[in-house]
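These notes concern the structure reproduced below.
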Amino acid sequence: MITLILYPFIQENKLFSIIYNTLEQLYNRRMYTREFSQPPENIVHNGKAEFGSYNDVSPKIDIRGMRAPYAGIPLPSFLSNLRIKSRLTYIFSLENFIGLASFIDFKAVGLGEVCMFNKKTGKKYVYHTIMTPRRRFIPVTTTRGICACYRKSRFIKISWGRKHQHHALSFKLKGDNVRPNVEGYVYSPMQDKMHCDLEFVTPSPSSSRCVATWLSTMQINGQISINKELSDDSTGLAVMNLSRAYYKMHSNYNIATGIGTYKEKEIVFNISSTNLDAADSDSYNNNTLIIDGEATLLPPVYMTHPFGVSNQWIIQDTENMVDLTFTPSSVNSRILNLIALRTSYKTMYGTFEGVLLTKEGTKVSLKGFPGIIQKGMLRL
């Protein structure tokens with residue numbers, strides 16, 4: 001009715017006509033959508049990657065065999081394969097603790113870390129290890145696998161078996177005059193409504209190279225002991241992220257993970273921004289929101305920290321699906337130099353506030369929602 005009344009005026013006034021058409025386009029604009037499909041048997045076929053977002057995972061996360069991945073130069077495959085690096089991260093949230101265990105495979109050496117935070121006090125517990133060369137630190141198979149460091153002072157093991165929807169993390173870490181001894185285990189139950197396996201294969205940044213990511217969410221049971229003081233078994237949520245990529249000489253990343261229960265809904269979201277992202281990031285990215293086992297693909301985001309890295313972060317997109325702030329309450333920083341390898345990163349525990357939108361257009365309002373942001377730089 002209002003349009004009919006104003007139509008003659010709009011037709012006569014060019015400026016109002018432009019404004020009206022712009023507003024009409026914005027109103028009729030469809031919400032951002034991407035569709036899941038079934039994963040390929042092999043990620044790389046005949047030198048080309050099968051790019052897409054998949055609602056399951058391939059038997060192997062293996063990206064070897066890309067044709068001339070660096071500047072179109074047909075290097076021998078064993079040289080280009082040396083540039084493939086892997087990262088495995090298991091983020092867990094129990095009643096009293098939130099943290100992560102991670103492995104990074106640099107071919108020559110491997111790095112392992114367990115970083116935990118007490119949710120109530122913000123106190124952090126951080127343990128590192130360097131692993132000597134081996135054939136492969138992180139398995140490529142997704143059906144079942146184990147990634148572990150077996151040192152007496154730094155025992156860390158992440159395992160999975162997809163046939164039984166089983167994931168597990170266990171660790172036994174020796175302290176020193178600053179840190180206590182820590183021991184714990186976390187496992188996912190077989191009957192798990194939150195279990196979700198997703199796979200993303202994205203150009204990096206163009207189709208000559210790729211990044212493959214396996215994201216798996218789950219409910220968990222677990223227990224953590226500090227200085228042999230046992231805590232009660234508690235339940236929670238976890239997300240495991242295994243990625244392989246053709247790395248640049250200099251790489252940087254920001255990864256935000258929210259994990260917890262809010263208004264009787266189990267929620268996990270994983271949002272990242274890196275210099276390995278696809279040039280067409282609207283079509284290819286691995287940003288995801290999972291609520292009670294139902295996944296929504298999210299658009300690319302901008303992650304900024306105008307008040308400093310250790311202060312409030314702002315995470316937003318251009319599609320009005322992501323509008324979050326993150327306030328750190330505890331920060332762990334580390335710089336490591338090993339000959340030609342240099343890595344510098346921060347792991348921050350804090351809380352998210354803001355709004356996320358599901359694929360159905362349902363608003364998910366969060367306040368005081370626990371999570372972790374990882375910010376890092378890597379030079380190879």
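The structure presented is a predicted model; accordingly, all values stated were derived computationally and were not measured.
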Evaluation steps, side chain to side chain donor-acceptor pair (under 3.5 Å), between Thr347 and Asn332: CA-CA 5 Å; Thr347 305; Asn332 172 58; 4.5 Å; no
Working for ring-ring contact (aromatic ring centres under 6.0 Å, His included), residues Phe137 and Phe106: CA-CA 9 Å; Phe137 294 100; Phe106 293 113; 9.0 Å; no
Derivation of the side chain to side chain contact (heavy atoms under 4.5 Å, CB included) call for Asn254 and Thr274: CA-CA 6 Å; Asn254 296 315; Thr274 78; over 6 Å; no
Working for side chain to side chain contact (heavy atoms under 4.5 Å, CB included), residues Glu183 and Gln223: CA-CA 9 Å; Glu183 187 173 350; Gln223 185 183 81; over 6 Å; no
Intermediate values then yes/no, side chain to side chain contact (heavy atoms under 4.5 Å, CB included), Ile43 and Glu50: CA-CA 6 Å; Ile43 292 175; Glu50 301 286 343; 5.7 Å; no
Working for side chain to side chain donor-acceptor pair (under 3.5 Å), residues Thr235 and Gln219: CA-CA 7 Å; Thr235 60; Gln219 295 174 331; over 6 Å; no
Test log, rule side chain to side chain donor-acceptor pair (under 3.5 Å), inputs Glu360 and Thr358: CA-CA 5 Å; Glu360 293 84 11; Thr358 68; 3.3 Å; yes
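Using modelled atom types, one finds no donor on one side chain facing an acceptor on the other under 3.5 Å when comparing Thr141 with Lys60. A donor-acceptor pair shorter than 3.5 Å can be found between the side chains of Arg34 and Asn285. Remark: the Asn270 side chain and the Thr257 side chain contain an N/O donor-acceptor pair separated by less than 3.5 Å. Residues His167 and Ser216 have side chains that bring a donor and an acceptor to within less than 3.5 angstrom of each other.
The main-chain N or O of Arg179 is found under 3.5 Å from a side-chain atom of Asp176 such that the two form a donor-acceptor pair. Within the 3.5 Å criterion, the main-chain N or O of Gly122 finds no donor-acceptor partner in the side chain of Asn118. The closest donor-acceptor contact from the side chain of Lys119 to the backbone of Leu94 lies under 3.5 Å.
No option in Tyr262, Phe326, Phe369 other than Phe326 meets the ring-ring contact (aromatic ring centres under 6.0 Å, His included) test with Phe352. When each of Arg154, Glu113, Arg151 is tested with Thr129 by the rule side-chain hydrogen bond (donor to acceptor under 3.5 Å, both in side chains), just one qualifies, namely Arg151.
Here the CZ-NE2 distance, from Arg379 to His250, works out to 5.5 Å after rounding to the nearest 0.5 Å. Interatomic distance, CD of Glu294 versus OG1 of Thr362, reported as 11.5 Å (0.5 Å rounding). Going from atom NZ of Lys346 over to atom OG of Ser333 covers 3.0 Å, rounded to the nearest 0.5 Å. In this structure, the separation between OG on Ser77 and CZ on Arg64 is 9.0 Å, given to the nearest 0.5 Å.
Of all heavy-atom pairs between Ala49 and Val201, the closest is CB-CG1, 4.3 Å. Nearest heavy atom pair, residue Pro69 against residue Tyr246, reads CG-CE2, 3.9 Å. Shown here for Val211 and Thr213, the closest heavy-atom pair between the two residues is CG1-OG1, 3.9 Å. Ile104 and Arg87 get closest at one heavy-atom pair: CD1-NH1, 3.1 Å.
Contact of the Ser272 side chain with the Asn286 side chain is registered, since non-hydrogen atoms from C-beta on lie closer than 4.5 Å. Residues Lys85 and Tyr247 form a side-chain contact, since some pair of their non-hydrogen atoms from C-beta on lies under 4.5 Å apart. Contact of the Phe155 side chain with the Cys149 side chain is not registered, since no non-hydrogen atoms from C-beta on lie closer than 4.5 Å. The shortest side-chain heavy-atom distance between Pro300 and Asp282 falls under the 4.5 Å cut-off. Arg244 places a side-chain heavy atom less than 4.5 Å from the side chain of Leu242. In this structure, the side chains of Leu366 and Leu356 come closer than 4.5 Å at one or more pairs of heavy atoms. Within the 4.5 Å cutoff, the side chain of Val109 has heavy atoms near those of the Leu341 side chain. Here the side chains of Arg209 and Lys248 are in contact, with some heavy-atom distance below 4.5 Å.
In the displayed structure, Asp233 atom CG is contacted under 6.0 Å by more than 12 heavy atoms of other residues, nucleotides or ligands.
Partners of Arg162 according to the salt bridge (Lys or Arg N to Asp or Glu O under 4.0 Å) rule, which considers only residues two or more places apart in sequence or in another chain, are Asp56, Asp197.
Listed by first then second residue, pairs satisfying ring pair (Phe, Tyr, Trp, His ring centres under 6.0 Å) with a partner in residues 211-232 read Trp160-Trp214, not counting sequence neighbours.
A cation-pi arrangement is absent between Arg334 and Tyr345, since the terminal nitrogen or guanidinium carbon is not both under 6.0 Å from the aromatic centre and inside a 45° cone about the axis.
Hydrophobic cluster membership of Ile290, counting Ile, Leu, Val, Met, Phe, Trp and Tyr whose side-chain heavy atoms lie under 4.5 Å apart directly or via other members: Phe36, Ile91, Ile98, Leu100, Phe117, Met194, Leu198, Phe200, Leu215, Leu237, Val239, Ile259, Val268, Leu297, Tyr349, Ile372.
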